[in-house]
Amino acid sequence: MNRTKILVTGGAGYIGSHAVVELYEAGYQPIIVDNFVNSQESALNGIRTILGTDIPCYKIDCANEAAVRGVLEQEKDIKGIIHFAAYKAVGESVAEPLKYYQNNLGSLLVLLALMPEFGIQSIVFSSSCTVYGVPDQLPVTEQTPTKPATSPYGNTKKICEDILNDVTAAGKGQLRTILLRYFNPIGAHASGLIGELPLGVPNNLIPFVTQTAAGIREKLTIFGDTYDTPDGTNIRDYIHVVDLAKAHVVAVERLLAGGHADVEVFNVGTGRGNSVLEVVNAFEKATGQKLNYVIGPPRAGDVPAIYADVTKATQELGFQTTTSLEDSLASAWKWQQTL
Ligand code: UDP
């Protein structure tokens with residue numbers, strides 16, 4: 001089988017590893033680059049076991065132009081890039097903004113600088129619903145105005161979108177770009193062989209929930225229950241990570257088929273909003289585990305409610321999610337039990 005090569009930066013990370021599996025299963029040859037700062041080499045073992053084959057992986061920093069050039073020279077005929085590699089901790093980005101700007105902007109700039117030289121015309125970029133800030137209207141469509149970022153992390157996503165818009169426009173059709181604005185990815189591969197590997201105390205809700213159920217954390221603190229939402233807790237759009245990974249496959253297919261002259265933006269969520277309390281209840285129902293939780297104060301910078309309108313991805317990419325919230329949470333629990 002002659003597989004089209006796709007460079008996957010951050011391919012050993014949480015979303016990246018699931019995308020590598022989906023790409024390979026769809027007939028592509030993923031080539032991973034990852035610096036393993038926020039990922040572990042065990043993800044490669046999981047990928048290998050799922051696929052029954054090794055996926056090439058280069059342990060390099062994507063912001064290092066010489067190192068990325070070396071990979072592109074070695075692999076020669078890469079046709080597209082999915083750019084996941086980025087730092088992603090909101091709180092840390094406030095404490096160490098320079099690290100975030102250097103890495104998240106630097107790696108994109110390196111890729112964009114090298115793409116023409118190696119004849120690579122297609123890029124899918126991992127953006128985030130954080131670009132919508134506190135939206136004036138729900139659900140958010142791709143036309144919903146973006147808002148100034150509330151953290152350096154969020155700002156790197158916004159600036160990377162701006163860079164891609166400018167460079168794509170100047171490229172006169174030589175660069176084809178899809179921005180995927182992720183909502184909240186959760187869960188793990190059905191095999192239980194790859195999943196999220198948070199370092200230290202998790203910032204995100206679901207790993208905190210599963211670690212609490214596993215007895216690693218004493219209790220979950222729900223960050224506020226007096227928001228202007230039906231039960232007072234925050235609302236998010238939780239998408240199963242394999243559904244999200246599949247969006248990258250259809251995005252790559254669209255770009256390689258000729259894509260679109262302008263940057264295309266797609267929300268990737270389920271279109272469903274669930275409150276933190278609903279997540280807790282769904283977790284208990286799906287797993288039979290009782291979750292110890294308390295209500296705490298709101299977390300600074302949290303958006304009260306956001307969820308996606310996914311009409312555009314459905315109509316134009318043929319994208320559809322298939323995993324319910326409960327099944328997503330059950331997969332997260334299955335994964336937790338392997339750790
Ligand atoms: N959350 C919570 N307790 C936690 C972690 C998160 O109540 O220990 C809430 C948080 O306030 C937000 C939702 O869970 O409403 C999702 O948070 P997460 O950090 O996973 O994603 P975010 O939407 O902030 O990117």
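Order of appearance sets the numbers: ligands from 1, and atoms from 1 within every ligand.
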Protein contact of atom 2 (C) of ligand 1 - nearest heavy atom, named by residue and atom, plus distance: Phe223 CD1, 3.3 Å
Heavy atom of the protein closest to atom 23 (O) of ligand 1 (residue, atom name, distance): Arg236 NE, 2.5 Å
Among all protein heavy atoms in this structure, tell me which lies nearest to atom 17 (O) of ligand 1, with the distance rounded to 0.1 Å.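 Going atom by atom, the protein heavy atom closest to atom 17 (O) of ligand 1 ends up being Arg299 NH2, 3.4 Å.
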Between CG of Leu325 and CD of Glu278, what distance do you get to the nearest 0.5 Å?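 Answer rounded to 0.5 Å: 8.0 Å.
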Please write down residue, atom name and distance for the protein heavy atom closest to atom 11 (O) of ligand 1.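 Sorting protein heavy atoms by distance from atom 11 (O) of ligand 1 puts Asp302 OD2, 2.5 Å first.
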Do the side chains of Lys246 and Asp243 get close enough for a salt bridge, i.e. N-O under 4.0 angstrom? no
For the 3.5 Å polar cut-off, considering only N or O atoms, please tell me whether Leu205 and ligand 1 meet it.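 Yes, since at least one N or O of Leu205 sits under 3.5 Å from an N or O of ligand 1.
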Students should be able to answer this: which protein heavy-atom is nearest to atom 9 (C) of ligand 1, and at what distance? Val276 CG2, 3.9 Å
What part of Asn204 sits under 4.0 Å from ligand 1 if we count only heavy atoms: the side chain, the backbone, both or neither? both
Over 60° means perpendicular and under 30° means parallel, so tell me whether Phe125 and His83 are parallel, tilted or perpendicular. tilted
For atom 15 (O) of ligand 1, which of the options Ile306, Asn274, Val279, Asn234 provides the nearest non-hydrogen atom? Asn234
For Glu142 and Tyr132, which heavy atoms make the closest approach, and how far apart are they? CA-OH, 3.5 Å
Measure the distances from the heavy atoms of Tyr238 to every atom of ligand 1 and state whether one is below 4.0 angstrom. yes
Can you sort out which atoms of ligand 1 are near Ile222, meaning under 4.0 Å from one of its heavy atoms?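 Counting from 1, the qualifying ligand atoms are 7 (O).
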Examine the proximity of ligand 1 to Thr221 and report which part, side chain or backbone, both or neither, has a heavy atom under 4.0 Å away.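 The answer is the backbone of Thr221.
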Is any NZ, NE, NH1 or NH2 atom of the basic residue among Glu264 and Arg176 found under 4.0 Å from an Asp or Glu carboxylate oxygen of the other? no
Give a yes or no on this: more than 12 heavy atoms of other residues, nucleotides or ligands lie within 6.0 Å of atom CD of Gln137.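 For Gln137, atom CD is not crowded (no more than 12 foreign heavy atoms under 6.0 Å).
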Ion pair present between Asp327 and Lys334, side-chain N to carboxylate O less than 4.0 angstrom?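 Answer for the salt bridge query: no.
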Salt bridge or not between Glu65 and Arg69? Use side-chain N to carboxylate O under 4.0 Å. yes
Hey, which atoms in ligand 1 end up nearer than 4.0 Å to a heavy atom of Asn203?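 Answer for ligand 1: 5 (C), 19 (O).
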Taking 4.0 angstrom as the limit, do Asp77 and Lys5 come out as a salt bridge? yes
When you measure from atom 22 (P) of ligand 1 to every protein heavy atom, which one gives the shortest distance, and what is it?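 Sorting protein heavy atoms by distance from atom 22 (P) of ligand 1 puts Asn184 ND2, 3.6 Å first.
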